[in-house]
Amino acid sequence: MNNSQRAARTMEIGRAAGFDLCGIAPAAEFPELAHLEEWLARGHSGEMRYLHDARRRSPALAMAGARSVIVCALNYNTALPTSTDTPAPENMPAAPRGWISRYAWGDEYHDVLGEKLEAIVEQLRREFPEPFEARAYVDTGPIVERVAAKYAGLGWLAKNTCLINEEMGSWLFLGVIVTTLDLAPPDAAETPAPDLCGNCSLCIDACPTGALVEPYVLDARRCIAYLTIELRGAIPLELREPIGRNVFGCDICQDVCPWNRRAPATALPNFQPRQNKERTLFSPDLEWLISISEEEFRAAFRKSSVKRAKWRGLVRNACIAIGNSGLKQGEPRFEEIRARLAEIAACEDATLAEHAQWALDRIGCSPKLS
Ligand code: B12
Ligand code: SF4
Ligand code: SF4
């Protein structure tokens, strides 16, 4: 088999493992990676120290002798509405509800993709007799996966910084296999998918925190995904109101993207919202989230991406969402929510207490009322 045939066979193996898209990029220093240094120097990575790992500058540095990167994408879209299509909190009379990002409604994607990537590696070992190294990563490796995906022909790097595929949109998880196998056809890096953003700027205009500081450039310190998932301490005061009702991640710059309007829904059950009795992760009840015990949190979010925020982070975020909910005295659940916020405001955890007090102030409960 020549390189092109091996590449074609590898892509077949990727799809047989259950991926929607599979392509191969050479393990090379792609031009976009030149932006990384400046992005880090500007401080856009916030407290995510691992993004400074020098190996991220080229997939060739991720493994000695690396020749190719097999990039796979899995659709996680479901047929449910978007955050921008569901009613704003003030129009939800029954109980204020928050928003968990689409990618975190179901099973932990690292596990789902990780298993499929390992199946690909096993099949490659069966079919390609020569000794080779292969390491599978979902997020965790020193690889900028979207850039590798672009050069594997999976889509373009869009103004919202997501990878968009012309047919599938951007509700895609990425996983990569860095390998010493030489699989990439010689012209692979020269024919990436064209940028189809055109004159559109809907994502930039819709981002509530101004995190897309220029087209294709995201300041993570302002991104709601960073603030609600990665940041451990206090959320900066000026960003609390723009966070709205997002309690874990944010979908807005993808919800408004025209390329997602006809995005197909996945047939996999893994990414449907978890439902436990009346508790659902689709637009979850905020009173539940501020009242959840650490034990219940562990049970509800076992094998779920949400556990990355930890119990404390989720309660902190839910306090902010309630503060933004427009909840008023006399409305259903007001008293119960006020009482629970007052309890958190009196707890020993200074960060949680301060966020709960902020929420109390926002729903019109000054210290003397609470
Ligand atoms: C750190 C990280 C984050 C951070 C930072 C995001 C970011 N834009 O970098 C935070 C926590 C904010 C985040 C948020 C999200 N993430 Co994230 N994240 C990552 C992670 C672990 C590393 C990304 C990275 O290296 N960033 C470094 C910066 C520099 O890259 P960049 O912003 O993409 O910039 C590139 C280009 O835009 C370009 N560029 C930069 N400047 C310029 C200037 C010009 C002029 C040009 C032309 C180009 C250009 O070069 C850069 C590359 O060097 C990857 C997994 C991985 N290992 O790659 C997942 C990953 C990117 N995340 C993912 C997802 C799903 C999300 C969220 C949708 C989750 C959510 N719903 O909340 C949001 C989306 C926010 C957004 N608009 O990007 C998916 C993306 C899938 C896709 N279709 O794109 C990934 C690939 C995880 C996965 N395995 O599936 N994430
Ligand atoms: S995920 Fe939300 S906060 Fe982050 S860039 Fe997109 S719209 Fe802005
Ligand atoms: S909303 Fe428009 S500019 Fe933003 S990623 Fe989609 S097509 Fe590109």
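Along the sequence shown, the residues carry numbers beginning at 1. When a ligand or atom number is given, it counts from 1 through the structure's own listing order.
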### Query
Does the protein put a heavy atom less than 4.0 Å from atom 52 (C) of ligand 1?
yes

### Message
At less than 4.0 angstrom from any non-hydrogen atom of Gln254, what atoms of ligand 1 do you find?
### Response
68 (C)

#### Entry: Short N-O contact, Glu122 and Arg125, less than 4.0 angstrom
no

### Task
Name the option, out of Cys250, Gly155, Cys207, that contains the heavy atom nearest to atom 72 (O) of ligand 1.
Cys250

## Note on the structure
among protein heavy atoms, the one nearest atom 29 (C) of ligand 1 is Trp39 CD2, 3.3 Å

### Task
Identify, for atom 85 (C) of ligand 1, the protein heavy atom at the shortest distance, and state residue, atom and that distance.
Asp139 OD1, 4.2 Å

### Message
Quick check on atom 66 (C) of ligand 1 - does any protein heavy atom sit closer than 4.0 Å to it?
### Response
no

### Message
My question is simple, although I want it checked carefully: is atom 16 (N) of ligand 1 less than 4.0 angstrom from any protein heavy atom?
### Response
no

### Task
Between Cys253 and ligand 2, find which residue part has any heavy-atom pair under 4.0 Å and reply side chain, backbone, both or neither.
both

### Query
Within a distance of under 4.0 Å, is there any protein heavy atom near atom 49 (C) of ligand 1?
yes

### Message
I'd like to check atom 35 (C) of ligand 1 in this structure: does the protein have a heavy atom lying under 4.0 Å from it?
### Response
no

### Message
For atom 39 (N) of ligand 1, tell me which residue out of Trp99, Tyr216, Tyr50 has the closest non-hydrogen atom.
### Response
Tyr216

### Ile224, portion touching ligand 2 at heavy-atom distance under 4.0 Å
both

### Message
Considering Leu163, Leu174, Leu172 one by one, which has a heavy atom nearer to atom 81 (C) of ligand 1 than any of the others?
### Response
Leu172

### Query
Which protein N, O or S atoms lie under 2.8 Å from atom 8 (Fe) of ligand 3?
Cys197 SG

### Query
Going by the order shown, which atoms of ligand 2 are within less than 4.0 Å of some heavy atom of Thr209?
3 (S)

### Message
Within the protein, is there a heavy atom lying under 4.0 Å from atom 21 (C) of ligand 1?
### Response
yes

### Task
Could you list all the side chain to side chain donor-acceptor pair (under 3.5 Å) pairs where at least one residue sits in residues 19-34, not counting sequence neighbours?
Glu32-Lys150, Glu32-Tyr151

### Query
Among Arg146, His35, Arg56, which residue places a heavy atom closest to atom 24 (C) of ligand 1?
Arg56

### Task
Return the minimal non-hydrogen interatomic distance between Ala345 and Ala356, and the atom names on each side.
N-CB, 3.7 Å

